[in-house]
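Here is the naming used below: chain letters follow the sequence lines, and residue numbers restart at 1 for every chain.
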There are 2 protein chains.
Amino acid sequence: MSKRSYDQPGCGLATALDLLGQRWTLLIVRELMVGPLRYTDLLSRLSGIGTNLLASRLRQLEQAAVLGRHELPPPAASVVYELTERGRQLESIVTGLATWGRQYVDDAAGVELDVRSEAFALHCAFRPERARYVDDVYQFEVESAVMHARVHEGRLETGVGPVPYPKATIRLDRHTWTALLRGEVEDLAARGGGLDVEGDRAAARRALRVFGRPGAVKSPGTTASR
Amino acid sequence: MSKRSYDQPGCGLATALDLLGQRWTLLIVRELMVGPLRYTDLLSRLSGIGTNLLASRLRQLEQAAVLGRHELPPPAASVVYELTERGRQLESIVTGLATWGRQYVDDAAGVELDVRSEAFALHCAFRPERARYVDDVYQFEVESAVMHARVHEGRLETGVGPVPYPKATIRLDRHTWTALLRGEVEDLAARGGGLDVEGDRAAARRALRVFGRPGAVKSPGTTASR
DNA sequence: CGGAATCCTCTTCGATACTG
DNA sequence: CAGTATCGAAGAGGATTCCG
């Protein structure tokens, strides 16, 4: 069993780092920000982690109530790990770190899109201060990557795949997508052909406002690929 | 030499964690948020770190341009470590983590005030969104702890000890101080006797607005004590 | 096949001792 | 004061095995 603690009870930062400061922990949170995952999915997405560590980290995080274990209903009958409310409170910290770290990476364009990574990029580009009164469900389609986003009460929830009744479905090519994330797409018509909307155009216009930070994420959280 | 990297170039979070995710690193940033420190001061404030690790972390952080090494002018002729602009960009992440971690700590009142810890608590209680048009220098005095804060262009800078010409000097007892940090002191007169202002009362009123978050830091970042 | 525990090697940490 | 050098202990990573 582990216990390399900073032993500074009373200090919030030291306590937070006792829980989250170990290797892999925040990457697990990153993975779950886009939606629940099974043990094996985590294992394959976090290439290099080693099964014992993953098990140990999940146990610690569950104990700290950062995530929960849930059994899926019968058809799937499997266990998924999911962020709790406490875990979701880490979202702005994780995206903040990701955005900060971005200044060290030189953008050699990735090879293939990973849906969850792109959905995470959406989190990084999200501007809560602009989402105050927005209540929309969007579907995004970038090449083969289909994902959705719900903006509700100033918060963002994302998921992979399509969603039943989106207010607007926004289809983009790769270049327009990264431009959107950087906040460089201000107008539905501005880009010739790179962007196509189905559904409520006003909602799509709100999406352009709510996503896209000036200095933010260009290419996304590339997770393991091999 | 070390290199246990996540090896996910292209992912901002993984890159950030390669730099900051090792043990002690963010606590070093925390210490420097309140102002420059010498090697030995860091060593004594981060009880448990071990001198080789501190040296190694400082080297890495300097290389990543998170902090800088500066020689003090002749009288002191000593080296201090100081956050760079990049390092200061981590402030909101560090205070966010500290605030998040706070929910796990039960507030058994600390024994003795540490000025730097209280100044750090001020960072945690700072609300940038309310500081947009504020441009003030305050001095705070809580028991034996004297510190100052400059709010300028939406950002906060703190330091220990007195400051030449503060707009307002605010003296508080310990209880009122923690209440202030929690955002529970709304009025200069509200607390009988716990608070005393010298200088510009309007500035002091702004201070009450700019510091103090609802769910925020109660007792501060207690650093090592032994 | 999903969800781990075990074993073994290698890296990192922490403490102490030592140096310019 | 500001570090470097050294060394035992704890933690990480990889492979293999086990359980349901």
Mind checking if T40(B) touches a base, just sugar-phosphate, or nothing, with heavy atoms under 4.0 Å?
sugar-phosphate
_Set out, in order, the CA-CA distance, both residues' side-chain angles and the distance that settles side-chain hydrogen bond (donor to acceptor under 3.5 Å, both in side chains) for R86(A) and Q89(A), then state yes or no._
CA-CA 5 Å; R86(A) 256 187 203 178; Q89(A) 287 168 1; 5.7 Å; no
Between Y39(B) and T51(A), whichever has its closest DNA chain D nucleotide further toward 5' is Y39(B)
Flag side-chain contact, heavy atom, 4.5 Å: V142(B) against L113(B): yes
In whole angstroms, the gap separating C1' of dA10(D) from CG of L53(B) amounts to 13 Å
Value for OG1 (T25(B)) from CG (D18(B)), rounded to nearest 0.5 Å, stands at 11.0 Å
note: L54(A), atom CG; dG13(D), atom P; distance rounded to Å ~ 12 Å
Separation of dG8(D) atom C1' from R4(A) atom CZ, nearest Å, is 12 Å
State whether a side-chain donor-acceptor pair under 3.5 Å links R174(A) with T178(A). no
Check this one for me: any side-chain N or O of R57(A) less than 4.0 Å away from OP1 or OP2 of dA12(D)? yes
Rounded to whole Å, the CG-C1' distance (D7(B) to dA12(D)) equals 16 Å
Which of dG3(D), dG2(C), dA4(C) is nearest the side chain of A55(B)? It is dG3(D)
If you take atom types as modelled and just measure distance, does the side chain of N52(A) reach the base of dG14(D) with a donor-acceptor pair under 3.5 Å? yes
Q) Would one find a side-chain N or O of Y6(B) under 4.0 angstrom from OP1 or OP2 of dG13(D)? A) no
From CG of L43(A) across to P of dA4(C) the rounded distance in Å is 11 Å
Atom CZ of R23(B) and atom C1' of dA10(D) are separated, to the nearest Å, by 11 Å
Between CH2 of W24(A) and P of dA12(D) the distance, given in whole Å, is 11 Å
Here the distance between atom C1' of dC13(C) and atom CD of Q22(A), to the nearest Å, is 13 Å
